[in-house]
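Before any comments, here is the structure.
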Amino acid sequence: MPLLYSIGKVTVGPALMLGWRPHVEGRENIPKTGGLIFAGNHLSVADELFLGASVPRHIAFWAKSDYFTGTGFNGWFSRTILNGLGAIPVNRGGGRAALTAFDGAIPVLQGGDCVAVYPEGTRSPDGRLYRGRTGVARLAVGAGVPIIPVGTIGTERVQPIGQPYPMPFRGKITIKYGKPIDTTGRADDRTSLRALTDEVMAEIQKLTGQEYVPRYAPSKNASPPDA
């Protein structure tokens, strides 16, 4: 586990768990070793914070590649922080450049680490669960790792869109971890990846109870790993 992430696990993580006291279910479904993908619904920026705080293992999150290439003190600072957290750079420009996110994530997964993906590609604008993009399936099949469905409830009240930090006393947070979805032997053609993605979204919906919308969520900047 990267040093800075380890420090966060004994400082920021406990503070989040103590301050907001999220209810966590299904943590026993998380394998103690081996690469895996956490695939969850996306209601708030706080989803990543509470996911990281409630999982005992290191999770490699995505971060815009711009944060790794800045100049001056600010560029050095952001690059140092993200490298210290073990983040994976993502180019949001689209096309071949965006696919470098996969190039960075596959060796991380094959090395036994965890990666978090939000298949909707953006935060839900209205609390409903939208159709998943097939990047999560492509990544899991390409790396040969299982997918853990994650259902998060209540984070949109704790940190609504536009709110820069989680706010206390704004409702109860619940995080549910489903059973691993094995991807061994799964085909990587378009139809098979679509079917696997739909299976993942169905499991997430069971965990959250959200209304499912069979179309992609509207977004100005859809997440490249799930394009």
Side-chain angles (χ1 to χ4, degrees), residues 16 20 22-25 37-55 59 61-67 87-95 98-99 101-102 105 115-140 147-178 193-227:
L16 289 169
W20 281 268
H23 175 69
V24 182
E25 298 179 11
I37 296 173
F38 291 102
N41 61 317
H42 203 12
L43 299 172
S44 165
V45 172
D47 297 338
E48 295 183 342
L49 295 176
F50 289 100
L51 178 64
S54 62
V55 172
I59 302 174
F61 290 99
W62 311 92
K64 288 193 298 185
S65 60
D66 295 353
Y67 295 141
I88 301 172
V90 177
N91 188 315
R92 293 184 180 269
L99 295 180
F102 287 98
V115 169
V117 174
Y118 295 97
E120 291 170 279
T122 187
R123 287 170 290 177
S124 172
D126 53 19
R128 296 185 293 175
L129 182 68
Y130 284 80
R131 189 185 196 211
R133 298 175 183 271
T134 58
V136 62
R138 258 188 290 141
L139 184 58
I147 301 171
I148 302 287
V150 182
T152 304
I153 303 168
T155 49
E156 77 281 11
R157 293 188 293 275
V158 170
Q159 189 175 359
I161 294 176
Q163 171 65 28
Y165 51 83
M167 297 180 292
F169 315 116
R170 289 298 183 99
K172 183 70 174 178
I173 295 174
T174 299
I175 307 169
K176 300 180 181 181
Y177 295 98
L193 295 179
R194 180 73 262 165
L196 176 56
T197 302
D198 291 342
E199 179 183 344
V200 171
M201 300 310 293
E203 291 301 314
I204 294 173
Q205 196 277 332
K206 290 178 185 178
L207 296 172
T208 65
Q210 291 169 277
E211 177 186 348
Y212 180 71
V213 181
R215 64 176 185 273
Y216 296 130
S219 173
K220 293 182 180 178
N221 296 299
S223 176
D226 302 309

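When reading the values below, keep in mind they use all heavy atoms of this one structure, side chains included, and skip hydrogens, waters and symmetry mates. We count residues from 1, following the sequence as given.
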- Query: Heavy atoms, side chains only, cut-off 4.5 Å: are Phe50 and Thr152 in contact?
  - Reply: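 Phe50 vs Thr152: side chains apart.
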
- Side-chain contact test, heavy atoms from C-beta onward, threshold under 4.5 Å: evaluate it for Arg138 versus Arg133 and give yes or no.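 Side chain of Arg138 against side chain of Arg133, heavy atoms only: no contact under 4.5 Å found.
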
- Task: Evaluate the ring planes of Tyr118 and His42, with Trp represented by its six-membered ring, and classify them as parallel (under 30°), tilted (30 to 60°) or perpendicular (over 60°).
- Result: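 The rings of Tyr118 and His42 lie parallel, inter-plane angle below 30°.
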
Can you tell me how far the [atom1] atom of [X] sits from the [atom2] atom of [Y], to the nearest 0.5 Å?
X	Y	atom1	atom2	result
Leu51	Ile59	CG	CD1	4.0 Å
Leu129	Ile204	CG	CD1	6.5 Å
Met201	Thr208	CE	OG1	8.5 Å
Ser44	Ile173	OG	CD1	8.0 Å

Please give me the minimum heavy-atom distance between [X] and [Y], naming the atom from each residue.
X	Y	value
Leu16	Leu49	CD1-O, 3.7 Å
Thr122	Ala217	CG2-CB, 3.8 Å
Ile147	Ala39	CG2-CB, 3.7 Å
Tyr212	Gly132	OH-N, 4.4 Å
Trp62	Ala116	NE1-O, 2.8 Å
Ser54	Tyr177	OG-OH, 2.5 Å

- Message: Test: salt bridge (Lys or Arg N to Asp or Glu O under 4.0 Å). Region: residues 201-216. Which pairs qualify, not counting sequence neighbours?
- Response: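 Listed by first then second residue: Arg128-Glu211, Glu203-Lys206.
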
Is there a donor-acceptor pair under 3.5 Å between the side chain of [X] and the backbone N or O of [Y]?
X	Y	value
Glu120	Asn41	no
Glu156	Leu43	no
Asp198	Ala195	no

- Message: My understanding is that only residues two or more places apart in sequence, or in another chain, count here; which of them pass side-chain contact (heavy atoms from CB on, under 4.5 Å) with Leu207?
- Response: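 Leu207: side-chain contact (heavy atoms from CB on, under 4.5 Å) contacts with Pro149, Lys176.
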
- Only counting residues at least two apart or in another chain, list the ones meeting side-chain contact (heavy atoms from CB on, under 4.5 Å) with Val45.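 If we apply the side-chain contact (heavy atoms from CB on, under 4.5 Å) test to Val45, skipping adjacent residues, the hits are Arg123, Gln159.
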
- Query: Among all residues two or more places apart in sequence or in another chain, which pass the salt bridge (Lys or Arg N to Asp or Glu O under 4.0 Å) test with Glu25?
  - Reply: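 None.
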
- Query: Who pairs with Glu48 by salt bridge (Lys or Arg N to Asp or Glu O under 4.0 Å), at least two apart in sequence or on another chain?
  - Reply: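 If we apply the salt bridge (Lys or Arg N to Asp or Glu O under 4.0 Å) test to Glu48, skipping adjacent residues, there are no hits.
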
Donor-acceptor list for residues 162-172 side chains, cut-off 3.5 Å, not counting sequence neighbours:
unit_1	atom_1	unit_2	atom_2	d
Gln163	NE2	Tyr165	O	3.1
Lys172	NZ	Arg21	O	2.5

